[in-house]
Amino acid sequence: MTDDNCVFCKIIAGKIPSKKVHEDELVYAFHDINPWAPIHFLIVPKAHIASMAHVGPEHAALLAHMMTLAPKLAAQAGCGAYPEGGFRIVVNTGAEGGQEVHHLHMHVMGGPRPWYKG
Ligand code: 5GP
Ligand code: ZN
C-alpha cells in the first residue's frame with residue numbers, strides 16, 4: 001500500500017515535513033511546496049496509487065471522497081465563495097499529462113488572480 005521511494009508516501013508517513021491541511025483514514029492533504037496560485041494544496045490518497053490511469057471501480061468511494069472534500073477544504077483554506085471566488089481542481093496523469101510525482105494527487109488551487117501559473 002506504500003512505496004518506499006515515493007515522495008508522497010514519505011510525506012504521509014511524516015518522513016518528509018509538510019504543511020497539513022487535512023487528514024482522515026483515506027486521505028492526507030497538504031500545501032504544495034511550489035504553489036501556482038495564492039492557495040494551492042494537494043489531496044492524496046494514503047494508499048499508494050500511481051495515477052488516475054491506475055484507478056478502477058474499487059476506488060470509486062475514495063475518488064468521491066476526494067472530490068467532495070475539495071470544496072470544503074478550499075473554503076477552509078480561504079478560497080472565495082462561488083461564483084465570484086471558486087477554485088480549480090487538476091489531476092495531472094502521465095508524462096504527457098504533466099505528472100511529475102507518481103502518487104495520485106488532486107491539485108486544488110484558488111485565491112485572487114493573477115496566478116503564477118495556470
Ligand atoms: P504533478 O506535476 O505531479 O501533478 O505535481 C506534483 C506537485 O507536487 C508539484 O506541484 C510540486 O510542487 C509538489 N511537490 C513535489 N514535491 C513536494 C514536496 O516534497 N512537498 C510538497 N509539499 N509538495 C511537493
Ligand atoms: Zn506513494
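In this chain, numbering begins with 1 at the start of the sequence shown. In each ligand, atom 1 is the first atom listed, and ligand 1 is the first ligand listed.
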Write none if no such pair exists; otherwise list each N/O atom of ligand 1 with its protein N/O partner under 3.5 Å and the distance.
| residue | atom | partner | partner atom | Å |
| --- | --- | --- | --- | --- |
| ligand 1 | 2 (O) | G98 | O | 3.0 |
| ligand 1 | 2 (O) | E100 | N | 3.3 |
| ligand 1 | 3 (O) | E100 | N | 2.7 |
| ligand 1 | 3 (O) | V101 | N | 2.9 |
| ligand 1 | 3 (O) | H105 | NE2 | 3.0 |
| ligand 1 | 4 (O) | N92 | ND2 | 2.8 |
| ligand 1 | 4 (O) | H105 | NE2 | 2.8 |
| ligand 1 | 4 (O) | H107 | NE2 | 2.8 |
| ligand 1 | 5 (O) | H105 | NE2 | 3.1 |
| ligand 1 | 5 (O) | H107 | NE2 | 3.3 |
| ligand 1 | 10 (O) | D32 | OD1 | 3.2 |
| ligand 1 | 10 (O) | D32 | OD2 | 2.6 |
| ligand 1 | 12 (O) | D32 | OD1 | 2.5 |
| ligand 1 | 22 (N) | H31 | O | 2.9 |
| ligand 1 | 22 (N) | I33 | N | 3.3 |
| ligand 1 | 23 (N) | I33 | N | 3.3 |

_Pairs involving residues 16-26, ordered by first then second residue, that meet side-chain hydrogen bond (donor to acceptor under 3.5 Å, both in side chains) (sequence neighbours left out)_ = S18-Y28, K20-E23, H22-D24, E23-K46, D24-H65
_Going by side-chain hydrogen bond (donor to acceptor under 3.5 Å, both in side chains), name the pairs with one or both residues in residues 86-104, residues two or more places apart or in two chains._
H48-H103
*Is a side-chain donor or acceptor of H40 paired with a backbone partner of W36 at a separation under 3.5 angstrom?*
yes
*Rounded distance (nearest 0.5 Å) linking atom CD1 of I49 with atom CG of D3*: 13.0 Å
*What is the number of protein N, O or S atoms that sit under 2.8 Å away from the Zn ion (ligand 2)?*
4
Using side-chain heavy atoms (C-beta onward) and a distance below 4.5 Å, is [X] in contact with [Y]?
X: H54; Y: L104; answer: no
X: V44; Y: F30; answer: yes
X: V108; Y: L73; answer: no
X: V21; Y: Q76; answer: no

*For P38 and P112, which heavy atoms make the closest approach, and how far apart are they?*
CG-O, 3.3 Å
